[in-house]
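Throughout, protein chains are lettered first and strands after them, A, B, ... in sequence-line order, and every chain is numbered starting at 1.
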Amino acid sequence: MVGITSYGAYIPWYRLNRNIIYSAMGWLNPATLTPGEKAVANYDEDSITMAVAAAIDCLNGLDRGKIDGLYFATTTSPYRERQNAGIIAAALDLRPDIRTSDFSDSIKAGTGALLSAYDAVKAGSVKSVIVCASDCRLGKPGSAQEEIHGDGAAALLFGDSGVIASLEGAYSLSHDFMDHWRAAEDRFDRSWEDRWIRDVGYNEFTSEAISGLLKKYSLNTKDFAKVVYPCLYTRAHADIGRKLGFERGQLQEHMFATVGNTGAAYPSMMLVAALEDAKPGDKILVASYGNGADAVFFQVTQEIEKARERRGIKKHLASKKDLASYERFIASREVLTIETGGRGEETAATSASTLWRHRRAIEALVGSRCKRCGTRQYPPQRICVKPDCGAIDEMEAYRFSDKQGHIIGYTGDSLAFSINPPQMYAMVDFEGGGRSWFDLSDCDLDSLKVGMPVEMSFRRKYHDAARGVYGYFWKAMPIRA
Amino acid sequence: MAEGIKDKVAIIGMGCTKFGESWDKSYEDLIVDAFKECIEDAGIEKKDIPAAWFASCFDEVFAGKAGTPLSTTLKLPFLPVTRVENFCASGTEALRGAAYAVASGVYDIALALGVEKLKDTGYGGLPDFGSVMGTKNRLITPNMTAPGAFAMMATRYFSVYNLSPEEGKRMLARISSKSHHNGTLNPKAHLRREVTVEQIMNAPIVAWPLGLFDCCGVSDGGAAAIVTRADMAKKFRPDPVYVKSLQIALSSGEEIGYTDFDYAHVETGYRAGQRAYREAGITNPREEISMAELHDCFSITECVTYEDLQFSARGRAREDIESGRFDLDGPQPVQPDGGLKCFGHPIAASGLRMIYEMYKQLQGKAGPRQIKNPKLALTHNMGGMPALNLIGVCIVGL
């Protein structure tokens with residue numbers, strides 16, 4: 001049996017009420033009014049960091065050394081060249097002898113990656129592949145997309161033992177359907193008329209893929225506990241299900257009004273939400289949409305009960321903070337050019353050779369533990385930091401990224417440049433030992449206290465636009481959920 | 001058996017520029033101004049100087065590395081000039097180098113000069129740390145400034161000693177208010193206004209909990225000293241000031257990397273103080289040290305330094321601050337010249353600027369700031385951040 005062996009998800013802390021966008025930009029096109037709110041990545045988040053967060057959720061309690069591959073699906077790769085999946089694998093401290101690939105360029109890339117992972121495990125080439133789908137899509141100011149697109153990620157672990165939902169079948173469609181597109185040199189999507197996209201693309205392809213799958217495996221809509229497919233238009237979403245013969249209760253809630261359209265991550269995030277409520281024996285049908293469609297169906301097993309310790313969709317949805325202004329939103333995505341001051345313009349060059357030499361320390365937050373006295377230390381040391389030990393070259397690797405800590409001193413710094421001022425940082429003592437200082441994110445200064453627990457999150461540390469580098473490192477933040 | 005530096009070296013001349021935003025002065029001007037006053041005070045000529053130690057820190061906005069900015073500005077005739085840099089304690093390092101050279105007998109006279117031209121970056125605060133900490137550290141160090149690094153110690157101190165933010169900020173405000181008062185009496189100070197505790201408490205926050213007046217200014221400035229062998233000193237002047245100890249201590253890495261360090265004090269300050277007291281033969285610093293210039297880059301730094309140097313017992317600085325112990329007319333005046341608080345902190349000049357005030361006070365030449373009958377004076381010059389730093393302590397006396 002091959003299928004999903006674990007799942008995880010990530011939704012950014014910040015939510016933006018669409019009314020705030022509409023109040024700022026609705027004058028341009030009053031027809032953009034869209035209800036609800038959407039999840040927005042913090043200034044230090046992107047599709048890579050959200051994928052890492054979802055993968056950490058997915059791998060909670062599992063041995064990362066047993067993972068043979070990582071596939072990353074997104075339409076918003078921070079890097080066009082330098083494998084994004086490789087950065088995620090490095091952050092997760094996965095073994096280097098694994099397969100990594102980016103699946104991109106279409107919002108159905110998430111199901112494409114998932115099917116490829118399934119095929120690889122099914123073929124016996126690998127035992128375990130984690131599929132991360134994440135998107136952080138920008139809409140042009142004043143566009144409908146700006147209100148519709150939300151940010152988020154999901155991670156699904158595929159394997160052949162401990163399967164919680166076996167993949168039982170798939171049906172795919174590929175069409176060069178030019179509903180929206182983005183050329184290599186473009187930052188924002190362009191699109192054709194919505195009515196055409198809805199009627200000829202979204203409604204047709206989604207329905208065709210689902211009915212194709214039902215026919216191929218001689219299934220009936222009644223066989224499924226849940227059917228999952230993305231919501232591009234709320235009324236059309238409901239109509240597709242109804243016309244196919246699904247009851248309203250069978251349709252997985254689409255999160256359009258709470259998270260938004262998360263692109264390549266959308267079907268996987270909805271699938272995670274479905275798995276959270278699934279019972280052994282349930283069948284779940286998942287369809288993606290984008291330049292065609294993929295339809296996949298899963299059968300939930302008894303093992304599902306063992307995979308409940310996840311933040312998943314539910315806990316991330318409940319943990320949120322309202323972003324109060326449109327201007328902060330577009331500044332954080334670098335859509336609005338803001339005054340950074342001289343200090344904000346000073347970005348030191350990134351040394352690729354330094355990064356490579358210290359890759360585990362920097363990308364995976366791996367420090368060292370003294371084999372003689374047990375003291376944990378970060379960054380890794382050759383000479384033990386414990387004053388009465390001082391052992392030389394008796395260290396073993398010790399990963400801090402999955403350890404919690406607590407704040408021993410903190411500040412909110414208004415002198416340092418930050419797009420989300422004040423710049424907060426703290427001295428952190430890790431449970432079990434080890435101390436270092438870290439930037440803080442996803443919190444308010446008023447909420448910080450000496451002694452409060454924190455966890456580590458992989459974040460964009462800087463964007464060196466002049467040299468085309470996104471620098472990543474770990475930040476501390478209050479325990480999210 | 002090592003003997004230490006006590007009474008082997010004397011300071012016979014000093015110079016100090018006015019500190020401030022010297023828009024019309026270059027680093028060369030600051031060097032020449034400090035040097036001119038220094039040799040006039042010593043009563044010597046350039047040809048009498050055989051060697052020099054030169055301190056500068058932020059080469060990025062200064063004249064570049066090496067000793068050549070000093071040698072070429074002063075037209076030193078092919079002399080040996082050593083450039084030293086140890087963060088914000090660089091000035092004390094220049095003095096230490098010059099004093100050790102004289103104590104070793106290699107030279108009879110040596111010049112120590114520290115200078116920093118900070119106000120050419122185009123923005124407030126020190127130059128950004130990003131490009132000055134090496135290719136690895138810049139990838140992992142927080143997006144940090146000096147006020148923030150010390151502010152983390154303030155939130156820690158408040159927590160360890162159960163001070164509410166209001167209580168803690170009031171205690172710190174009293175420190176700055178005292179220094180601002182002293183600064184009003186000093187024509188060489190950058191900031192020369194009285195500032196009340198209430199103004200300090202209500203000032204905009206720079207890095208929580210530190211507000212504008214908890215932070216020292218950013219200034220340009222230079223200071224210099226001529227040292228000679230103790231046995232020769234009286235040939236130059238009747239009132240030379242003798243070096244009683246010169247010690248520095250550097251972080252071992254445990255403050256930032258080992259969880260036993262409490263982060264509510266600066267360990268190097270305690271260690272350097274202990275060594276300096278031993279070298280100078282001081283057993284009760286609270287009673288024996290007449291006055292001090294401490295590295296008050298931020299009010300919290302001065303607060304913990306009272307304790308690190310045992311002017312106050314651990315956790316008891318607040319009582320001494322509130323009783324006025326460190327006021328100009330108190331039993332143990334601190335920052336009689338106004339401190340970094342009023343002078344600002346042109347990095348490599350500050351250590352020598354502190355010595356300059358102690359030297360003038362010991363000679364009875366401090367004018368309206370004159371402390372009655374001082375015997376032993378201490379300077380404390382810190383470089384770096386609470387968890388990763390070095391501290392130079394110098395004790396001088398008559």
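Nearest heavy atom pair, residue B/P147 against residue A/L415, reads CG-CD2, 3.6 Å. In terms of heavy atoms, A/R343 sits closest to B/G124 at NH2-O, 2.5 Å. Between B/S159 and A/V450 the shortest heavy-atom distance is OG-CG1, 3.3 Å. In plain terms, the two heavy atoms of B/R156 and A/G409 that are nearest each other are CB-CA, 4.3 Å. Nearest approach of A/Y425 to B/N143, heavy atoms of both residues: CE2-O, 3.4 Å. The minimum heavy-atom distance linking B/M152 with A/M427 is given by the pair SD-N, 3.6 Å.
For A/I408, the parts lying under 4.5 angstrom from a heavy atom of chain B are both the backbone and the side chain. Contacts of A/K461 with chain B are made by side-chain atoms alone, with heavy-atom separations under 4.5 Å and no backbone atom involved. At a 4.5 Å heavy-atom cutoff, the contact between B/M144 and chain A is made by backbone and side-chain atoms alike. The part of B/P127 that comes within reach of chain A is its backbone (N, CA, C, O), which places non-hydrogen atoms under 4.5 angstrom from that chain. If you measure heavy-atom distances from B/T121 to chain A, you find no contacts under 4.5 Å at all. Looking at B/A387, only its side chain comes within 4.5 Å of chain A, counting heavy atoms on both sides. Of the atoms belonging to B/F158, not a single heavy atom falls under 4.5 Å from chain A. Of the two parts of A/A349, the backbone and the side chain both hold a non-hydrogen atom closer than 4.5 Å to a non-hydrogen atom of chain B. With a 4.5 Å cut-off on non-hydrogen atoms, A/Q423 touches chain B through its side chain but not through its backbone.
Residues B/T135 and A/T354 have side chains that bring a donor and an acceptor to within less than 3.5 angstrom of each other. Side chains of A/D413 and B/T145: a donor-acceptor N/O pair is present below 3.5 angstrom, by distance only.
Within the 4.5 Å cutoff, the side chain of A/Y462 has heavy atoms near those of the B/L139 side chain. For the pair B/V206/A/S414, no side-chain contact is recorded, criterion being any heavy-atom separation below 4.5 Å from C-beta on. For the pair A/F438/B/I140, no side-chain contact is recorded, criterion being any heavy-atom separation below 4.5 Å from C-beta on. Proximity of A/W437 to B/M385: side-chain heavy atoms (C-beta onward) are separated by under 4.5 Å at one or more points. Looking at A/T375 and B/Y258, their side chains come closer than 4.5 Å, going by heavy atoms from C-beta outward. Between A/P422 and B/W208 there is no side-chain heavy-atom pair separated by less than 4.5 Å.
How far SG of A/C384 is from CD of B/E254: 10.5 Å, rounded to the nearest 0.5 Å. To the nearest 0.5 Å, atoms OG1 (A/T411) and CG (B/L210) are separated by 6.5 Å.
More than 12 heavy atoms of other residues, nucleotides or ligands lie within 6.0 Å of CZ in A/R467, so this atom counts as buried by the packing criterion. The neighbour count for A/R359 CZ, taken as heavy atoms of other residues, nucleotides or ligands under 6.0 Å away, is above 12. Taking a 6.0 Å sphere around CZ of A/R82, one finds it holds more than 12 heavy atoms contributed by other residues, nucleotides or ligands. More than 12 heavy atoms of other residues, nucleotides or ligands sit less than 6.0 Å from atom CD of A/E396. When the shell of 6.0 Å around OH of B/Y270 is examined, it contains 12 or fewer heavy atoms from other residues, nucleotides or ligands. Taking a 6.0 Å sphere around CZ of B/F87, one finds it holds 12 or fewer heavy atoms contributed by other residues, nucleotides or ligands.
With chain A as partner, the option from B/T141, B/I205, B/D262, B/T155 having the largest number of non-hydrogen pairs under 4.5 angstrom is B/T155. Note on B/V160, B/D260, B/T259: by heavy-atom pairs under 4.5 Å with chain A, the leading option is B/T259. Chain B forms the most heavy-atom pairs under 4.5 Å with one residue out of A/S418, A/S351, A/G412, and that residue is A/G412.
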